[in-house]
Visitor: 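So that we are looking at the same thing, I have put the structure below in structure tokens.
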Amino acid sequence: MYKMDELFPQVNEKKTVAKVKHFLKHTLPQMQRYSHKDISGIKSPIITDMPKGGSVGNQAEETITQRVYAGQVINSVVAALKSCDVVSRKLLIDVYVSNSKTPDYLEMEALGYEKTRYQFYKNRACLQFADSFMLEDLHVFKK
């Protein structure tokens, strides 16, 4: 019989939040450029097939593979956002995803939260995103 801690090790919340924020600020925009997809225009995930055939080091094939993988990242982000609760989804989209990224102070005002409460919800949103993003594990676990 497995124990809960064996199947689901304890998450280092602070480091996981930092990893998610880095992913959303830096990796996501890069994946959007690689895939030629703007996340604000994606309505639902699009499934693409990976290129078939053996790898021979062809530069064109590597580029296609990168673009396909970047597209999978974008699709996984959309699915993860849909899995978050309404407040978390709004916060993540407004602050990290939308074309006109909302500064924290304006998002705090829009949600009606003071700084401490806003940080709580922002961190909670990042943790929900880490739980929902299935292409790569964004969690950092306690040792």
Side-chain angles (χ1 to χ4, degrees), residues 1-52 55 57-143:
M1 180 74 109
Y2 289 102
K3 293 181 180 179
M4 185 70 82
D5 286 345
E6 291 173 358
L7 290 175
F8 299 99
Q10 286 193 325
V11 173
N12 181 323
E13 292 183 358
K14 187 174 182 178
K15 289 183 180 180
T16 298
V17 166
K19 189 173 181 179
V20 169
K21 287 178 181 179
H22 181 270
F23 174 84
L24 292 171
K25 285 181 185 176
H26 302 287
T27 305
L28 179 59
Q30 182 181 32
M31 294 298 107
Q32 288 182 88
R33 290 189 302 272
Y34 281 176
S35 69
H36 297 281
K37 291 183 180 181
D38 180 6
I39 194 137
S40 63
I42 295 176
K43 301 294 183 222
S44 61
I46 300 168
I47 308 226
T48 58
D49 292 329
M50 290 295 288
K52 296 184 175 31
S55 176
N58 182 341
Q59 182 61 39
E61 184 176 324
E62 289 176 22
T63 301
I64 290 168
T65 302
Q66 286 177 338
R67 293 200 191 286
V68 168
Y69 180 75
Q72 290 175 334
V73 170
I74 298 302
N75 295 338
S76 295
V77 166
V78 171
L81 288 170
K82 288 181 179 180
S83 295
C84 295
D85 67 44
V86 177
V87 173
S88 296
R89 187 178 325 130
K90 176 182 177 5
L91 203 152
L92 292 171
I93 290 171
D94 289 353
V95 174
Y96 296 108
V97 177
S98 72
N99 288 333
S100 57
K101 294 172 181 44
T102 307
D104 282 328
Y105 73 94
L106 289 177
E107 189 68 17
M108 272 190 311
E109 189 176 292
L111 292 171
Y113 297 135
E114 294 294 326
K115 186 175 181 175
T116 304
R117 198 73 184 148
Y118 173 75
Q119 284 303 321
F120 167 81
Y121 280 109
K122 188 175 180 183
N123 290 344
R124 187 183 77 160
C126 289
L127 292 170
Q128 283 185 16
F129 184 85
D131 290 344
S132 304
F133 188 70
M134 290 295 158
L135 192 61
E136 170 184 333
D137 194 357
L138 295 174
H139 293 102
V140 176
F141 297 102
K142 293 180 180 178
K143 296 181 183 190

Visitor: Under 3.5 Å, is there a donor on one side chain and an acceptor on the other for N123 and E13?
Guide: no
Visitor: If you take all heavy atoms of S88 and Q128, which pair is closest and at what distance?
Guide: OG-OE1, 3.2 Å
Visitor: Are M31 and V77 close enough that some pair of their side-chain heavy atoms sits under 4.5 Å apart?
Guide: no
Visitor: Please give me the minimum heavy-atom distance between L81 and R89, naming the atom from each residue.
Guide: O-NE, 3.0 Å
Visitor: So how far is it from K14 NZ to K142 NZ, rounded to the nearest 0.5 Å?
Guide: 12.0 Å
Visitor: Let me confirm one number: the NE2-NZ distance from H22 to K15, rounded to the nearest 0.5 Å.
Guide: 15.5 Å
Visitor: Of all the heavy-atom pairs spanning C84 and A125, show the shortest one and how long it is.
Guide: SG-O, 4.5 Å
Visitor: How would you list, by chain and number, every residue that makes a ring-ring contact (aromatic ring centres under 6.0 Å, His included) with Y113, sequence neighbours excluded?
Guide: Y121
Visitor: Can you tell me how far apart OG1 (T102) and CG (L111) are? Round to the nearest 0.5 Å.
Guide: 9.5 Å
Visitor: Taking all heavy atoms of P29 and all of L24, pick out the closest pair and write down the distance.
Guide: CD-O, 3.5 Å
Visitor: Kindly check if the number of other-residue, nucleotide or ligand heavy atoms within 6.0 Å of NZ (K101) is above 12?
Guide: yes
Visitor: Look up atom CG in L92 and atom OG in S98, then write down how far apart they are to the nearest 0.5 Å.
Guide: 11.0 Å
Visitor: Determine the sole option in D131, N12, T16 for which the side chain to side chain donor-acceptor pair (under 3.5 Å) test with H139 is passed.
Guide: D131
Visitor: Can you tell me how far the CG atom of L91 sits from the CZ atom of R124, to the nearest 0.5 Å?
Guide: 9.5 Å
Visitor: Tell me the closest heavy-atom pair linking V95 and E107, and the distance in Å.
Guide: CG2-CG, 3.9 Å
Visitor: Heavy atoms only: give me the nearest Y34-R67 pair and the separation to one decimal.
Guide: O-NH1, 2.5 Å
Visitor: Quick one: list whatever passes ring-ring contact (aromatic ring centres under 6.0 Å, His included) with F133, sequence neighbours left out.
Guide: F23, F129
Visitor: Count the heavy atoms of every other residue, nucleotide or ligand shown that sit under 6.0 Å from CD of E109, and state whether that count exceeds 12.
Guide: no
Visitor: Under the ring-ring contact (aromatic ring centres under 6.0 Å, His included) rule, collect the residues that match up with H36, sequence neighbours excluded.
Guide: none
Visitor: State, yes or no, whether a side-chain contact exists between M108 and Y105 at a heavy-atom distance under 4.5 Å.
Guide: yes
Visitor: Using a 4.5 Å cut-off on heavy atoms from C-beta on, say whether the side chain of N75 contacts that of L135.
Guide: no
Visitor: Starting at OH of Y118, measure out to NZ of K115 and round the result to the nearest 0.5 Å.
Guide: 11.0 Å
